[in-house]
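Source: prediction; values computed, not measured. By convention in this document, chain letters (A, B, ...) are assigned in the order of the sequence lines, proteins followed by strands, and residues within each chain are numbered from 1.
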Protein chains: 2
Amino acid sequence: MATMQDVARRAGVSVSTVSYVLTGTRPISQATRDKVHAAMAELDYQPNAMARGLASRRSRILGLLMPMDERGLGATETAFVTGAAAAASAAGYHLVLSPIGVADTDELRRLASQRMLDGALPMEVQLDDPRVDLLRELGVPLVLIGRTGDTTGLSYVDIDFDRTVRDAVDHLVGLGHRRIVYVNHSTATIAHGYGPALRTRDAFVAAMTGHGLDPLMIAAEDSAAGGRAALSEAFDRAPDLTAVLAMNENAIFGILGELAGRGLSVPGDVSVVSMVTSPQVAELATPALTAMTSPGSALGRIAVETLLRHLDGGSGEIHQQLLPCVLEVRGSSGPPRATGGDSTTGTGPARPAPARTEEAARRRAATRRRA
Amino acid sequence: MATMQDVARRAGVSVSTVSYVLTGTRPISQATRDKVHAAMAELDYQPNAMARGLASRRSRILGLLMPMDERGLGATETAFVTGAAAAASAAGYHLVLSPIGVADTDELRRLASQRMLDGALPMEVQLDDPRVDLLRELGVPLVLIGRTGDTTGLSYVDIDFDRTVRDAVDHLVGLGHRRIVYVNHSTATIAHGYGPALRTRDAFVAAMTGHGLDPLMIAAEDSAAGGRAALSEAFDRAPDLTAVLAMNENAIFGILGELAGRGLSVPGDVSVVSMVTSPQVAELATPALTAMTSPGSALGRIAVETLLRHLDGGSGEIHQQLLPCVLEVRGSSGPPRATGGDSTTGTGPARPAPARTEEAARRRAATRRRA
DNA sequence: GGTGGTTGTCGAAGCGCTTCGACGAAGCGT
DNA sequence: ACGCTTCGTCGAAGCGCTTCGACAACCACC
């Protein structure tokens with residue numbers, strides 16, 4: 001393993017000159033620079049990260065704080081991670097993913113106190129997030145992925161849920177739908193203060209009332225069964241519904257299964273639009289789901305770039321940015337069956353015979369891949 | 001930020017003594033140790049990772065090389081990661097996840113050459129994996145998660161596919177099934193040398209012929225549509241099949257959907273067993289899937305412990321370990337309808353009317369959660 | 001009461017890099 | 001021709017830790 005000494009000797013310059021070539025902190029003549037680069041290439045020199053980190057007091061490591069629950073990671077998160085990693089790599093930084101739970105402040109404290117992290121990117125930020133408090137206390141620069149309740153003085157990037165919900169509702173209303181039900185996450189999740197669930201709920205109410213429509217929201221457990229139950233509840237409360245807007249990706253296939261079980265076609269009888277969904281998942285359904293595609297990769301890139309700006313320019317400006325999911329119309333949305341106003345579409349044409357229904361109960365799905 | 005100097009001064013000892021207390025490399029009297037610990041606590045001292053790394057030439061960082069495709073991470077991988085992280089943390093190491101693609105050797109070279117990694121754990125190892133070659137070349141200790149084609153001199157942990165397949169087949173044969181079809185990954189994946197697909201294929205042939213049965217394997221694209229197509233092909237080639245063993249988790253819900261679409265009940269008409277599947281995913285189906293549960297967390301823990309042993313004890317013994325998935329019987333498997341030998345169960349009782357079939361085509365699902 | 005081995009502690013020399021101050025050599029205006 | 005400012009480079013002082021050799025002090029043992 002060649003050291004900077006070796007490079008300096010070989011290039012016939014001092015170590016400090018090599019260092020300046022590497023970091024660009026002082027002007028170096030082209031001739032010298034070439035000599036140094038040649039020497040580095042010949043020796044296959046790679047700077048020692050630890051030495052550099054010790055001397056410069058910067059590790060060049062960015063921590064992506066990623067709580068890993070038992071569910072795994074979806075395509076959105078994955079896109080986010082790869083986007084962030086690419087941006088970090090391009091800037092000569094390393095992006096390390098830390099599978100640290102939201103409440104696991106001990107491990108985070110270790111990481112941060114040992115000066116191992118130049119900055120942090122907490123993912124899946126909660127409205128009240130202990131990690132954020134800890135990082136601020138320790139003086140670690142951070143950019144949130146998501147938003148805490150109070151974001152004063154904090155930079156963040158997040159999905160623009162208001163805009164996303166509005167666009168989705170506009171799409172459905174534009175098609176002629178009047179009776180739209182919003183399937184959110186579970187009441188427990190909402191009560192727990194999960195930002196996206198709360199924000200989309202409010203945005204849905206705003207969007208619907210803006211159109212002079214009644215906002216009907218149903219909470220659903222994060223499972224296929226939850227989706228089925230939610231759809232049943234929806235039909236109980238609004239027999240004339242013609243469209244479902246679903247935030248809950250785990251429930252979406254339960255919803256589709258239940259619709260099929262009731263003998264209702266999509267989008268013939270009921271249109272379905274899925275929120276914050278990747279193309280990959282949307283294509284799994286038949287027909288493919290009209291969905292609001294999350295800007296995962298861009299979000300990751302922007303988050304890293306923002307964080308790097310904080311590291312360089314002192315504290316710098318705080319930067320708060322929202323990106324909307326973009327509507328991608330696929331096969332699951334279309335004009336409502338009864339184009340009129342408040343006509344009653346009913347619970348479905350010629351309800352299938354009991355036997356069929358029972359079978360239909362098996363036609364479900366929703367998973368999160370592999371196992 | 002307190003340094004070791006501060007601690008030494010406060011405890012009235014030298015820095016080296018403090019260091020010995022910390023690392024345990026030399027005996028220190030109980031009295032001195034107590035003084036030092038007290039001083040550390042008072043100052044809220046945390047050793048500087050960079051300085052320690054530079055001086056000791058060990059970063060105490062383990063790299064989990066995790067290729068991130070667009071699909072995200074399943075529950076099995078997640079369990080693996082958390083198991084590994086817990087084991088690393090317990091040993092005072094950090095586990096960093098690197099979203100490095102299998103072919104992205106440049107980034108890996110950077111990470112490794114900069115002496116940032118004490119050891120590496122490549123995940124989703126391919127039969128011929130450039131990362132493994134590179135790491136060996138660079139002299140970075142490693143433990144594979146999975147297996148390359150030639151594993152001489154390499155430590156690894158992996159799923160015991162032979163045993164897993166055999167147990168699954170035994171379960172079905174024990175129930176009375178004779179005509180069992182194995183739904184594997186796609187032919188492209190198999191041709192690409194994806195270890196699990198190859199190993200399970202061979203294991204399936206062995207297990208079936210061991211029972212004097214005909215091993216019928218169908219390849220399926222990793223999607224719901226692939227699962228449906230595979231099932232159709234299966235019925236074409238073996239109209240009398242009574243059980244499906246599926247390795248392809250992305251296709252499983254397509255398989256279930258297609259079965260339902262044909263009016264076949266599970267497990268009444270056809271039993272379904274899913275391989276390498278987490279309980280969470282298995283429970284999403286109705287009935288819940290009988291599955292071979294992957295030992296994700298244990299695998300992660302063992303991998304880290306093995307790697308740490310390599311770091312401590314010089315090169316140490318190589319360690320190759322296989323863990324089987326354990327059978328968890330749920331609702332999707334049962335005795336075959338026609339218990340006799342080679343009776344023809346047919347393509348399903350009273351094939352549903354065309355209209356229904358068309359509707360049924362919409363009753364699918366399979367996703368990988370979120371988006 | 002020497003000899004020899006532990007045991008516990010210290011001082012100092014780095015680990016490989018960054019960065020500060022210094023300094024000769026140009027380049028400039030006047 | 002004079003000082004004055006860049007420009008380009010060097011030497012040296014650390015960054016905060018580990019680790020080696022040294023060395024007292026103590027124990028034992030014949």
Side-chain angles (χ1 to χ4, degrees), chain A residues 1-37 39-40 43-61 92 94 110 112-118 311-312, chain B residues 1-37 39-40 43-61 92 94 110 112-118 311-312:
Chain A
M1 196 103 301
T3 75
M4 211 154 119
Q5 283 277 9
D6 303 327
V7 175
R9 207 175 353 254
R10 181 156 197 130
V13 299
S14 72
V15 272
S16 48
T17 300
V18 177
S19 177
Y20 292 132
V21 168
L22 236 43
T23 61
T25 19
R26 280 198 189 177
I28 296 289
S29 71
Q30 189 60 49
T32 310
R33 220 178 303 150
D34 291 345
K35 275 190 302 184
V36 170
H37 277 131
M40 293 199 300
L43 294 171
D44 200 19
Y45 170 75
Q46 285 283 99
N48 179 308
M50 295 292 141
R52 179 194 282 246
L54 175 58
S56 66
R57 270 151 292 251
R58 295 155 122 273
S59 63
R60 299 183 150 263
I61 296 178
H94 294 287
R110 260 179 67 201
S113 304
Q114 297 186 165
R115 310 269 84 168
M116 184 143 255
L117 258 35
D118 281 357
L311 299 185
D312 296 339
Chain B
M1 197 103 301
T3 75
M4 213 155 118
Q5 283 277 9
D6 303 327
V7 175
R9 206 172 358 251
R10 181 155 197 134
V13 299
S14 72
V15 273
S16 48
T17 300
V18 176
S19 177
Y20 292 131
V21 169
L22 235 45
T23 61
T25 23
R26 280 199 189 178
I28 296 290
S29 70
Q30 188 60 50
T32 310
R33 219 179 303 151
D34 291 346
K35 274 191 302 183
V36 170
H37 277 131
M40 292 200 300
L43 294 171
D44 199 18
Y45 170 75
Q46 287 282 99
N48 179 308
M50 297 291 140
R52 175 194 284 245
L54 176 58
S56 66
R57 271 153 291 254
R58 297 154 122 275
S59 64
R60 298 184 150 262
I61 296 178
H94 294 288
R110 261 178 67 202
S113 305
Q114 297 186 166
R115 309 269 85 167
M116 186 143 255
L117 258 35
D118 281 356
L311 299 186
D312 297 341

By nearest-heavy-atom nucleotide on DNA chain C, the more 5' of Leu54(B) and Thr17(A) is Leu54(B)
**Asked** Side chains of Ser19(B) and Ser16(B): is there a donor and an acceptor less than 3.5 Å apart?
**Response** no
- Task: Please work out if Ser56(B) contacts a base, only the sugar-phosphate, or nothing of the nucleic acid, heavy-atom cut-off 4.0 Å.
- Result: sugar-phosphate
Taken to the nearest 0.5 Å, the spacing of Asp118(B) CG from Ser56(B) OG works out to 7.5 Å
*asked:* Using the rule given for side chain to side chain contact (heavy atoms under 4.5 Å, CB included), can you reason through Gln5(A) versus Val15(A), listing the C-alpha separation, both sets of side-chain angles and the distance that settles it, and then say yes or no?
replied: CA-CA 6 Å; Gln5(A) 283 277 9; Val15(A) 272; 4.1 Å; yes
Distance col, row Tyr20(A):OH vs Ile28(A):CD1, nearest 0.5 angstrom, shows 8.0 Å
Side chains of Leu54(B) and Met50(B): closer than 4.5 Å at any heavy-atom pair?
no
Can you find a pair of side-chain heavy atoms, one from Met116(B) and one from Ser59(B), that are under 4.5 Å apart? no
Outer limits of DNA chain D sitting under 4.0 Å from a non-hydrogen atom of chain B, read 5' to 3', are dG16(D) to dA22(D)
Please test Val36(B) against Met40(B) for side chain to side chain contact (heavy atoms under 4.5 Å, CB included), starting from the C-alpha separation and ending with a verdict.
CA-CA 6 Å; Val36(B) 170; Met40(B) 292 200 300; 4.2 Å; yes
Taking any heavy-atom pair under 4.0 Å as a contact, classify Val18(B): base, sugar-phosphate, or nothing. nothing
In Val18(B), Val13(B), Thr17(B), the residue satisfying side-chain contact (heavy atoms from CB on, under 4.5 Å) with Lys35(B) is Val13(B)
Expected list for residues 19-32 of chain B near DNA chain D, using heavy atoms below 4.0 Å, is Ser19(B), Tyr20(B), Thr23(B), Arg26(B)
| request: Under 4.0 Å between any heavy atoms, over every strand shown, what does Thr3(A) touch: base, sugar-phosphate, or nothing? Just pick one. | output: sugar-phosphate
Given side chain to side chain contact (heavy atoms under 4.5 Å, CB included), test Tyr45(B) with Leu22(B) step by step and report yes or no.
CA-CA 11 Å; Tyr45(B) 170 75; Leu22(B) 235 45; 3.9 Å; yes
Below 4.5 Å, heavy atoms only, C-beta onward: do Gln46(A) and Arg110(B) meet side chain to side chain?
-> yes
Terminal axes of the helix from dG1(C)-dC30(D) to dT30(C)-dA1(D) (5 end pairs apiece), angle rounded to 10 degrees, sit apart by 30°
